[in-house]
A.B. asks: 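Handing you this structure, nothing more for now.
Hydrogens, waters and symmetry mates play no part in the numbers below; they use all other heavy atoms, side chains included. Proteins get letters first, then strands, A, B, ... in listed order; numbering begins at 1 in each.
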Protein chains: 2
Amino acid sequence: MSDIEKGPDRLYQDLARNLTEELASGAYPVGARLPAERELAVKYGVSRPTVREAIIALEVQGLIEVRIGSGAYVRRLPGSEDLPGFNVSAFELTEARLLFEGEAAALAATQITDEELAEIEGLVEAIARENNDPRGSEKADRAFHLAIAKATRNGAIFDAIERLWDLRSTSPEAALLHEKARTANIKPVVDEHSAIVEALRARDPVAARLAMRGHLSQVIDSLLFATEERQIQEARRAAQAKRDRYARATA
Amino acid sequence: MSDIEKGPDRLYQDLARNLTEELASGAYPVGARLPAERELAVKYGVSRPTVREAIIALEVQGLIEVRIGSGAYVRRLPGSEDLPGFNVSAFELTEARLLFEGEAAALAATQITDEELAEIEGLVEAIARENNDPRGSEKADRAFHLAIAKATRNGAIFDAIERLWDLRSTSPEAALLHEKARTANIKPVVDEHSAIVEALRARDPVAARLAMRGHLSQVIDSLLFATEERQIQEARRAAQAKRDRYARATA
DNA sequence: CGGTTCCTTTTGGTATTACCAATTTTCTTG
DNA sequence: CAAGAAAATTGGTAATACCAAAAGGAACCG
């Protein structure tokens with residue numbers, strides 16, 4: 001009955017991931033009510049406090065809204081509304097990362113030490129292990145990118161890149177889209193990461209920039225692949241065109 | 001017994017807010033360990049499950065990191081008023097801007113409209129007027145750089161660059177250094193800004209990147225010129241060497 | 001018959017207790 | 001003094017109970 005058994009660490013994280021995937025898959029439409037905590041507890045074979053922790057995790061991320069005495073309701077799904085304000089899409093975030101982290105990798109290639117290189121190589125292996133585990137998180141992935149940012153020896157660069165990474169969690173739409181893309185696309189990331197490390201080891205800034213851009217370009221592609229809504233399809237074409245224009249201009 | 005009273009709704013939210021405020025106030029430095037869950041429970045007069053829920057809320061937000069069997073540790077300071085600028089020198093800030101704004105200018109060159117171009121040209125004149133006035137501020141300068149960031153059509157890029165610009169105000173030393181540099185060096189900035197606009201008007205990404213980097217490179221030079229302290233002299237040489245290495249590698 | 005009231009049920013909110021597992025500390029012990 | 005084992009500490013999870021808010025339905029009243 002339970003898809004989660006011997007979760008390595010915190011159970012609530014596994015459960016939260018499961019629920020997030022169900023939300024992304026559309027099992028619960030917008031506005032729908034999730035099963036009661038007690039039901040989820042028996043369904044997933046965990047205790048009610050654990051269910052509550054997972055619920056709270058989703059609530060903090062803005063994915064659901066809990067109404068006392070009533071239940072937990074789905075808040076928003078990707079593409080449902082285009083708030084003209086500060087809502088930064090997953091595409092914009094990743095495009096920004098492509099630019100900034102590309103330059104950071106180039107700078108890091110001229111600064112990196114053997115120790116940092118070894119640490120980053122270890123993270124690549126950790127990422128591979130994460131990808132083999134369907135329930136794997138992306139902690140190692142985050143650590144990988146931040147380690148490169150740190151190798152620039154520039155706190156401002158590190159801060160900006162860390163912020164960009166964490167920004168994706170603040171937008172429910174972006175978080176869901178990334179989750180969909182992650183579960184749908186688990187293949188070539190290892191090779192891409194290896195290429196980045198290779199360039200860093202060679203202390204080749206140009207190659208490092210290219211490898212990092214290639215990697216994040218793939219991420220954008222997987223995001224596009226995970227996008228289905230028609231509204232987003234427009235943005236998809238626009239983003240693609242923009243990226244092509246920029247890439248051609250800097251080739 | 002408890003400092004938390006008012007909130008009729010979820011207790012864990014009140015607790016989480018309290019803890020966040022304590023983190024922001026610096027009561028727990030980065031890397032420090034928070035009191036054990038059982039201690040927090042008695043301290044705030046709530047049960048341990050409630051404490052756990054608050055802890056998890058902070059963890060999901062990335063404020064703390066929970067290590068099994070060890071405790072909860074402070075990760076970073078809350079979003080808006082966190083002070084990464086404390087350790088970030090004016091040199092690092094400007095170096096980051098050199099990288100990021102260079103790319104932003106390149107991307108903007110492929111996106112910019114005639115209207116935006118006209119606005120930016122107007123800002124160049126405003127900068128010239130500002131420089132002629134010894135008491136002039138740098139509002140137009142800021143507006144100039146942000147207008148280019150906005151022309152990328154990417155909110156994440158705009159946000160990151162705006163943040164980098166504003167970060168200089170968070171460090172008194174950095175602000176002072178910038179002020180000294182500004183008053184000591186007022187001549188070529190107009191030409192540099194004109195060169196950027198020229199490249200944008202030509203829709204030439206490579207030229208735009210080069211012009212922006214050249215401008216911010218000049219800013220770094222003026223910062224170095226305005227630096228007198230011996231301690232900084234070391235950083236000066238290091239930064240100069242790093243920049244040279246990067247520039248050579250990307251020429 | 002329609003609407004209101006009230007009670008019962010359901011659901012989330014919190015507390016209590018207990019026990020397990022990982023970690024850290026302390027104290028043996030060679 | 002160091003290595004290793006035992007104890008204390010800490011987070012992780014479970015089970016249970018009770019409260020308060022909300023929802024649903026039945027009884028009551030107009």
A.B. asks: Should A/R163 and B/D159 count as side-chain neighbours, where that means a heavy-atom distance under 4.5 Å?
C.D. replies: yes

A.B. asks: In Å and rounded to the nearest 0.5 Å, what is the CG to OH distance from A/L23 to A/Y28?
C.D. replies: 8.0 Å

A.B. asks: Return the stems involving DNA chain C, sorted by first number, where pairs are Watson-Crick (N1-N3 with N6-O4 or O6-N4) or G-U wobble (N1-O2 and O6-N3), both under 3.5 Å, and runs are 3 or more long.
C.D. replies: C:1-30 with D:1-30

A.B. asks: Less than 4.5 Å apart, any side-chain heavy atom of B/F91 and any of A/N154?
C.D. replies: no

A.B. asks: Do the side chains of B/L15 and B/E53 get nearer than 4.5 Å, heavy atoms only?
C.D. replies: no

A.B. asks: Is there a side-chain contact between A/R203 and A/I112 in this structure, where contact means two heavy atoms from C-beta onward sitting under 4.5 Å apart?
C.D. replies: yes

A.B. asks: Can you build the contact string for nucleotides 9-18 of chain D? Use B for base contact, S for sugar-phosphate-only contact, and - for no protein heavy atom under 4.0 Å.
C.D. replies: -BBBBBB-BB

A.B. asks: In whole angstroms, how far is the P atom of C/dT11 from the CD1 atom of A/I64?
C.D. replies: 15 Å

A.B. asks: Hey, can you pull the donor-acceptor pairs under 3.5 Å for the side chains in residues 33-42 of chain B, sequence neighbours left out?
C.D. replies:
| unit_1 | atom_1 | unit_2 | atom_2 | d |
| --- | --- | --- | --- | --- |
| B/E37 | OE1 | B/R48 | NH1 | 2.7 |
| B/E37 | OE1 | B/R52 | NE | 3.4 |

A.B. asks: Can you check the B/I55 CD1 to C/dT14 P distance for me, whole Å?
C.D. replies: 15 Å

A.B. asks: Evaluate the ring planes of A/H145 and A/W165, with Trp represented by its six-membered ring, and classify them as parallel (under 30°), tilted (30 to 60°) or perpendicular (over 60°).
C.D. replies: tilted

A.B. asks: Charged N to carboxylate O below 4.0 Å: is that the case for B/E59 and A/R10?
C.D. replies: yes

